[in-house]
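The structure appears below as structure tokens.
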Amino acid sequence: MQTAYLNGTLLPLAEARVPAMDRGFLFGDGAYEVIPVYSRRPFRLPEHLHRLRHTLDGIRLANPLDDAEWTRLIGEIIARNDGEDQSVYLQITRGADGKRNHAFPAHVTPTVFIMSEPLVTPPPEQRDTGIAAVSAPDVRWLRCDLKTTSLLANCLLRQLAVDTGCVETILFRDGFMTEGAASNIFAVKAGVLLAPPKNHLMLPGITYDVVLELAAAHRLACEVRDVAEAEARAADELWMTSSTKEVLPITLLDGRAIGTGTPGAVFRQMYAWYQDFKQTVMRGGG
Ligand code: PMP
């Protein structure tokens, strides 16, 4: 049985209920985070809570809890759910008002929800042979740096991948690569790792930071700069990164091979660094 937290109460997940007038339900008016847990330790919790604050500030919603209280509640949820490795999901919405009105209600209590699911890492064949991706214009709004629950565009874009037998959709805006429907995207050209810069057009991924830190620690040549669509399509390697997918090689884009059409040497190196980091640092709570 999964245990969740809802508005001050721990309860079975199946029994968690929110009112139909909740603005999260009516408007997608909320913020969320997904925190991977390794060996029952939340990975980079301060960084996730920092990103949560950035989202809440961006949507003008006061943080209902301080970091100490978030840390305590997340620890409680991890302890009460099965599995050494978990994926903690938390969400805050602007709460339920008596009427449906786009403008914020004057007085309303935010809804706070936390749950945990098993952390499922990608099947080994995705790492060994690479994954197929499809591309699409990035039709989302201009605050993609905010991790809000208004995810309809991301859902439609990810479904496009599923409908075309792919794992991810790579997004291009105004001739440049932004990110994936639910991941960040890196390119490799002539041994140099290329990463789109953090700005309002992409989510600042925690895994994105880890990959850049590992690149710096191992002196892998790296450029954080805009990546043109043509450059991405002509790259030697493309990778997708996220907390749950970790680092995966994209070997096919829109049915055309990326590089040799197999996972590249730089990917294999980064994957090994990432797994080593996971064993030593993530499982140690770093
Ligand atoms: N971009 C988008 C749009 C995402 O939804 C995610 C998370 N699934 C990411 C990037 C990767 O972020 P993280 O590494 O923190 O999981």
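These numbers were taken from a predicted model, which means no experiment stands behind them. Whatever order the structure lists ligands and atoms in, that order sets their numbers, starting from 1.
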Between Glu168 and Ser183, a side-chain donor and acceptor under 3.5 Å
yes
Looking only at protein heavy atoms, which one is nearest to atom 11 (C) of ligand 1, and what is the separation?
Asn184 OD1, 3.6 Å
Pair Glu47 + Arg51, salt bridge at N-O below 4.0 Å:
no
Give yes or no for whether the N/O distance cutoff of 3.5 Å, strictly under, is met between Thr207 and ligand 1.
yes
For ligand 1, find out whether one of its N or O atoms is nearer than 3.5 Å to an N or O atom of Glu179.
yes
Polar proximity ligand 1 side, Ile206 side, N/O cut 3.5 Å exclusive:
yes
Which heavy atom of Arg173 sits nearest to which heavy atom of Cys144, and what is that distance?
NH2-SG, 3.9 Å
Considering all heavy atoms of both residues, which atom of Ser150 and which atom of Gly28 are nearest to each other, and what is their separation?
OG-O, 2.6 Å
Distance-only side-chain donor-acceptor flag, Asn81 / Thr3, under 3.5 Å
no
To which protein heavy atom is atom 12 (O) of ligand 1 closest, and what is the distance rounded to 0.1 Å?
Gly205 CA, 3.5 Å
Tell me if the centroids of the rings in Tyr32 and Tyr89 come within less than 6.0 Å of each other.
yes
Using a plain distance cutoff, I'd like to know if Ala182 has any nitrogen or oxygen under 3.5 Å from a nitrogen or oxygen of ligand 1.
yes
Side-chain H-bond candidate by donor/acceptor type, Arg233 with Ser135, under 3.5 Å:
yes
Does ligand 1 have a heavy atom under 4.0 Å from the side chain of Cys144, from its backbone, from both, or from neither?
neither
In terms of atom number and element, which parts of ligand 1 are under 4.0 angstrom from non-hydrogen atoms of Asn154?
3 (C)
Measure the spacing between CG of Asp85 and CZ of Arg283 and express it to the nearest 0.5 Å.
4.0 Å
Compute the shortest N/O to N/O distance between Arg51 and ligand 1 and return yes if it is under 3.5 Å, no if not.
yes
Judged by non-hydrogen atoms, does Ala181 sit under 4.0 Å from ligand 1?
yes
Minimum non-hydrogen distance to atom 7 (C) of ligand 1, winning option of Lys147, Arg158, Met202, Glu47
Lys147
Return yes or no for this condition: an N or O of Ser243 is under 3.5 Å from an N or O of ligand 1.
yes
